[in-house]
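Remember, it's 1-based here, ligands and their atoms both numbered in the order they're listed.
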Amino acid sequence: MNLKDNIVIAISKGRILEEGMELLKTMGIETIVNMSDSRKLIYDTNNSNLKLVIVRAADVPTYVGNGAADIGIVGKDTLVEYGENNIYIPLDLNISKCRMTLAGLPGCKPGPRIKVATKYVKCATDYFMKKKKQVDIIKLYGSMELAPILGLADYIVDLVDSGITLKANGLEEIDSIFDVSAQLITNKASMKTKTESIEKIINSFEEII
Ligand code: ATP
Ligand code: MG
C-alpha cells in the first residue's frame with residue numbers, strides 16, 4: 001500500500017489490540033520493532049507514512065475526533081458510551097465481538113430503588129430510561145461481577161462474550177442490550193484532506209474482512 005500522506009492509526013489496548021494487529025498483518029502492515037518486547041506507545045511500520053499508536057479504549061475516539069490520529073480501531077461499546085464527535089464510522093471490522101448485557105444473581109428481587117453497577121454509565125442509563133425505570137447507577141472501573149455478590153448493586157451492565165466469568169461468579173444474563181464489535185473510525189477532516197490515503201486503508205481493511 002503506497003500512501004501519499006502521513007497517517008496515524010490509534011488502536012484500543014486490551015482485547016482489540018491483538019485481533020486488530022492480526023488484521024493489519026493480513027493487510028501487509030507490520031511494526032518495525034516487535035510490540036511484545038517494547039514499551040513504546042508509538043510504532044513505525046513497514047510503510048514509512050503509517051504509524052500506529054496504542055491507547056486506552058476510551059481515548060481512541062478522543063485522539064481520532066481531535067485529529068491527533070486519522071484512523072482508529074475501537075469497540076462499539078466505547079463509541080456508544082463516550083460519543084463520537086467529528087468522526088465517521090466507515091466499517092464494522094467484525095472482530096472482538098461480544099455484547100453489552102444486563103446481569104444479576106438468579107432470582108434477584110431489587111427494592112424500590114434498583115441499583116446498577118457498571119463502567120458503562122451512559123449505556124446503563126439509556127437502557128433503563130427506555131424501560132421507564134428509575135435506577136441508581138454506581139460507577140465501577142472493573143470486576144463488575146463482584147457488585148451483586150457483595151450487595152453493592154442489584155444488577156450489572158457489562159460486556160459478555162462466552163459468559164464464563166458471569167457463570168463462575170454465579171450470575172446470569174437477564175437481557176442482551178446491544179451487540180459489540182470493533183469498528184474502524186476516521187477523523188472527518190482527515191477524510192477531506194487525506195482522502196486518497198485514507199480510502200486506500202479503508203479499502204484494504206474491506207478486502208480482508
Ligand atoms: P480498560 O482498562 O479501559 O478497561 P482494557 O485494557 O481492560 O481496558 P478490554 O477490557 O480488553 O480493555 O476492552 C477493550 C475492548 O475490547 C472493549 O472496549 C470491547 O470493545 C472489547 N472487549 C471487551 N471485553 C470483551 C470480550 N469479553 N470479548 C470480546 N471483546 C471484548
Ligand atoms: Mg477491561
_Interfacing atoms of ligand 1 (cut-off 4.0 Å, heavy-atom, L159)_ = 17 (C), 19 (C), 22 (N), 23 (C), 24 (N)
*Nearest to atom 15 (C) of ligand 1 by heavy atom, I16, V55, D158: which?*
I16
*Counting only heavy atoms, which portion of R15 has something under 4.0 Å from ligand 1: side chain, backbone, both, or neither?*
both
*asked:* Can you confirm, on distance only, whether ligand 1 has an N/O atom lying under 3.5 Å from any N/O atom belonging to Y141?
replied: no
*Counting heavy atoms only, which of D161, T78, I95, I164 is nearest atom 28 (N) of ligand 1?*
D161
_SB check D126 K130 (cutoff 4.0 Å)_ = no
*Do R113 and D136 meet the salt-bridge criterion of a basic N to acidic O distance under 4.0 Å?*
yes
*Would you confirm whether N49, through its side chain, and L3, through its main-chain N or O, come within 3.5 Å as a donor-acceptor pair?*
yes
*asked:* Just to be sure I'm reading this right: ignoring hydrogens, which of G14, G75, A182, S181 gets closest to atom 6 (O) of ligand 1? Compare them by their nearest heavy atoms.
replied: G14
*Between E172 and K167, does at least one N-O distance fall below 4.0 Å, as a salt bridge requires?*
no
*Thinking salt bridges, do K119 and D158 make one under a 4.0 Å N-O criterion?*
no
*At a 4.0 Å threshold, what atoms of ligand 1 neighbour a non-hydrogen atom of K119?*
1 (P), 3 (O), 4 (O)
*asked:* Would you say that K51 contacts D44 through its side chain, given a criterion of any heavy-atom pair below 4.5 Å between the two side chains?
replied: yes
*Which ligand 1 atoms does R56 reach within 4.0 Å, using its non-hydrogen atoms?*
1 (P), 2 (O), 3 (O)
*D161/K97 ion pair, N-O < 4.0 Å*: no
*Would one find an N or O of Y120, backbone or side chain, under 3.5 Å from an N or O of ligand 1?*
no
Side-chain donor/acceptor pairs under 3.5 Å, residues 55-65, sequence neighbours excluded:
none

*asked:* Under a 4.0 angstrom heavy-atom cut-off, which atoms of ligand 1 come close to K97?
replied: 28 (N), 29 (C)
*State if K76 counts as touching ligand 1 under the rule of any non-hydrogen atom under 4.0 Å.*
no
